[in-house]
Amino acid sequence: MPELPEVETTKRGIKNHLVGKKINRVVIRESRFRWPISRGFRQKVDGHTVRAISRRAKYILFQLDHGYFMIHLGMSGNLRIVDASTAIKKHDHVDFQLATGKCLRFNDPRRFGSVLWLGSSPFEHSLLSKLGPEPFDQSFNGEYLFQRARKKKIAVKNFIMDNHIVVGAGNIYANEALFISGIRPTRPAGKVTKAECQALVEAIIMVLKASIEMGGTTLKDFVGGDGKPGYFQQTLRVYDREQQPCRKCSSPIKALRIGQRSSYYCPRCQK
DNA sequence: ATCGCCTCCTGCGCGC
DNA sequence: TGCGCGCAGGAGGCGA
């Protein structure tokens with residue numbers, strides 16, 4: 001479910017319910033995630049007030065007075081604000097019960113997500129310290145991408161999905177951005193021209209922003225932190241459109257696998 | 001250093 | 001209707 005727009009939408013949806021509010025207690029029904037929830041986690045969080053919520057890449061950071069914790073939604077996670085009395089459903093693994101009577105509930109069927117205590121210097125944590133720029137940051141620009149791509153033989157699609165290059169370009173948006181910028185996903189990153197890098201950067205930013213504005217609507221069943229679904233499906237240009245006509249030239253969209261991930265492109269529009 | 005492959009896990013849709 | 005298979009929006013880590 002979560003690509004960056006969904007994570008951003010989730011963050012926005014839960015923010016007002018949490019900032020300035022006390023977490024009375026954390027209830028962990030399942031601690032086996034990508035990384036197990038640490039033994040002392042509950043004790044570190046219980047009774048503390050959330051001071052701020054932010055996002056770095058697809059990690060949602062919760063600032064308390066004495067440190068930070070973060071939640072990653074993995075492939076199938078979602079966070080919702082519910083009333084404390086709301087019945088537990090399957091895969092509702094962690095609750096953050098608030099003094100307001102509400103509850104932040106983490107549901108994650110596949111358990112690829114994570115809940116981690118970061119301490120007081122979150123950006124020094126190994127998961128965050130090596131991340132590339134945010135797509136909306138000034139430092140993510142055509143020149144930067146072009147320089148990073150020098151001599152790289154990796155397929156450009158894998159290249160832009162690498163969090164050390166830029167964060168937030170998940171599988172769907174990587175496919176979409178490459179279509180918009182007219183670049184075939186299999187092309188070695190080092191063979192993408194400077195002008196194309198510029199176009200690719202603009203496409204990544206545009207497609208992510210557009211989706212955030214629509215409420216983070218990628219596929220199917222996304223529901224934001226306030227429990228409201230994304231308004232409507234984004235009109236995907238190539239993703240999951242194998243054999244369907246290209247929206248620009250009507251050629252059938254092709255599908256292939258790159259690095260174990262499904263990829264789609266228009267053989268005529270993307271060189 | 002770089003790159004491709006594997007893995008964690010559950011659910012769903014498809015073909016037989 | 002049921003069963004088995006393959007695939008799914010992430011991404012760290014490992015071996016070549």
Side-chain angles (χ1 to χ4, degrees), chain A residues 1-10 29-37 55-60 70-79 89-94 106-116 118 125-132 135 147-178 185-191 204 207-208 210-212 214-224 229-230 233-234 236-243 255-264:
Chain A
M1 177 193 351
E3 287 252 11
L4 186 97
E6 285 79 1
V7 178
E8 178 64 25
T9 301
T10 295
R29 294 179 205 86
E30 173 62 79
S31 59
R32 294 173 301 165
F33 291 94
R34 177 83 199 258
W35 295 281
I37 300 180
R55 177 188 62 71
R56 176 72 174 107
K58 291 173 187 165
Y59 299 97
I60 299 174
M70 72 180 181
I71 297 178
H72 193 288
L73 303 178
M75 284 275 253
S76 58
N78 80 293
L79 278 172
K89 296 205 291 283
K90 200 172 186 184
H91 308 304
D92 281 342
H93 297 315
V94 183
F106 182 41
N107 179 289
D108 185 9
R110 292 174 74 178
R111 289 190 278 118
F112 288 177
S114 51
V115 179
L116 289 175
L118 295 180
H125 191 279
S126 60
L127 289 173
L128 300 184
S129 63
K130 293 172 195 151
L131 291 173
Q147 290 308 329
R148 293 297 302 265
R150 292 309 79 215
K151 305 196 175 177
K152 292 278 197 326
K153 292 176 185 155
I154 186 177
V156 61
K157 175 160 176 278
N158 286 347
F159 177 70
I160 60 172
M161 288 179 71
D162 181 346
N163 283 336
H164 303 105
I165 304 301
V166 61
V167 303
N171 197 37
I172 294 175
Y173 294 111
N175 279 297
E176 297 293 292
L178 286 163
T186 46
R187 179 143 35 121
K191 303 273 177 149
I204 290 169
V207 81
L208 290 173
S211 180
I212 289 170
M214 288 198 297
T217 80
T218 311
L219 285 178
K220 301 179 189 165
D221 53 356
F222 173 69
V223 177
Q233 299 284 101
Q234 180 172 17
L236 294 168
R237 294 159 177 85
V238 286
Y239 184 83
D240 205 20
R241 296 193 65 241
E242 182 175 14
Q243 292 292 90
L256 75 166
R257 293 188 78 76
I258 307 172
Q260 322 304 112
R261 308 302 296 275
S262 55
S263 310
Y264 304 86

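Just so it is clear, the values below take in all heavy atoms, side chains as well, and ignore hydrogens, waters and symmetry mates. Within every chain, numbering begins at 1; the chains are lettered A, B, ... in the order of the sequence lines, protein sequences first and strands thereafter.
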Where do N or O atoms of nucleotides 10-14 of chain B meet protein N or O atoms at under 3.5 Å, pair by pair?
| residue | atom | partner | partner atom | Å |
| --- | --- | --- | --- | --- |
| B:dT10 | OP1 | A:R111 | NH2 | 3.3 |
| B:dT10 | O4' | A:P109 | O | 3.3 |
| B:dT10 | O3' | A:H91 | NE2 | 3.0 |
| B:dG11 | OP1 | A:K90 | NZ | 3.2 |
| B:dG11 | OP1 | A:H91 | NE2 | 2.6 |

For nucleotides 11-15 of chain C, which of its nitrogen or oxygen atoms have a protein nitrogen or oxygen under 3.5 Å away, and what is each distance?
| residue | atom | partner | partner atom | Å |
| --- | --- | --- | --- | --- |
| C:dA11 | OP1 | A:H72 | NE2 | 2.4 |
| C:dA11 | OP2 | A:K58 | NZ | 3.3 |
| C:dG12 | OP1 | A:Y59 | OH | 3.1 |
| C:dG12 | O4' | A:R34 | NH2 | 2.9 |

Distance check: side-chain N/O of [X] vs OP1/OP2 of [N], anything under 4.0 Å?
X      : N     : value
A:S76  : C:dA8 : no
A:Y239 : C:dG9 : yes
A:S262 : C:dG9 : yes

Notebook entry, point to check: Around A:R32, counting heavy atoms of other residues, nucleotides and ligands shown, do more than 12 lie under 6.0 Å from its CZ?
Noted result: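 No - once you tally the heavy atoms of other residues, nucleotides and ligands closer than 6.0 Å, there are 12 at most.
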Taking the side chain from [X] and the backbone from [Y], do they hold a donor-acceptor pair closer than 3.5 Å?
X      : Y      : answer
A:E176 : A:V238 : yes
A:S76  : A:R110 : yes
A:N107 : A:N78  : no
A:R55  : A:A57  : yes

Item checked: pi-stack flag for A:F112 and B:dC9, centroid dist under 5.5 Å, interplanar under 30° ->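 Not stacked: fails the 5.5 Å / 30° test.
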Please tell me if the side chains of [X] and [Y] come closer than 4.5 Å, counting only heavy atoms from C-beta onward.
X      : Y      : result
A:M70  : A:R56  : no
A:R257 : A:S262 : yes
A:V94  : A:F33  : yes

Item checked: A:N171 and A:K157 side chains, donor-acceptor separation under 3.5 Å -> yes
Margin query: What is the separation between atom NZ on A:K152 and atom C1' on B:dT2, rounded to the nearest whole Å?
Written below: 8 Å
Item checked: Minimum heavy-atom distance A:P5-A:S211, with the two atoms named -> CB-OG, 3.3 Å
Margin query: Just to be sure I understand: a Watson-Crick pair is purine N1 to pyrimidine N3 plus N6-O4 or O6-N4, both under 3.5 Å. Using that and G-U wobbles, which stems of three or more pairs involve DNA chain C?
Written below: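 Runs of three or more consecutive pairs: B:2-8 with C:10-16, B:10-16 with C:2-8.
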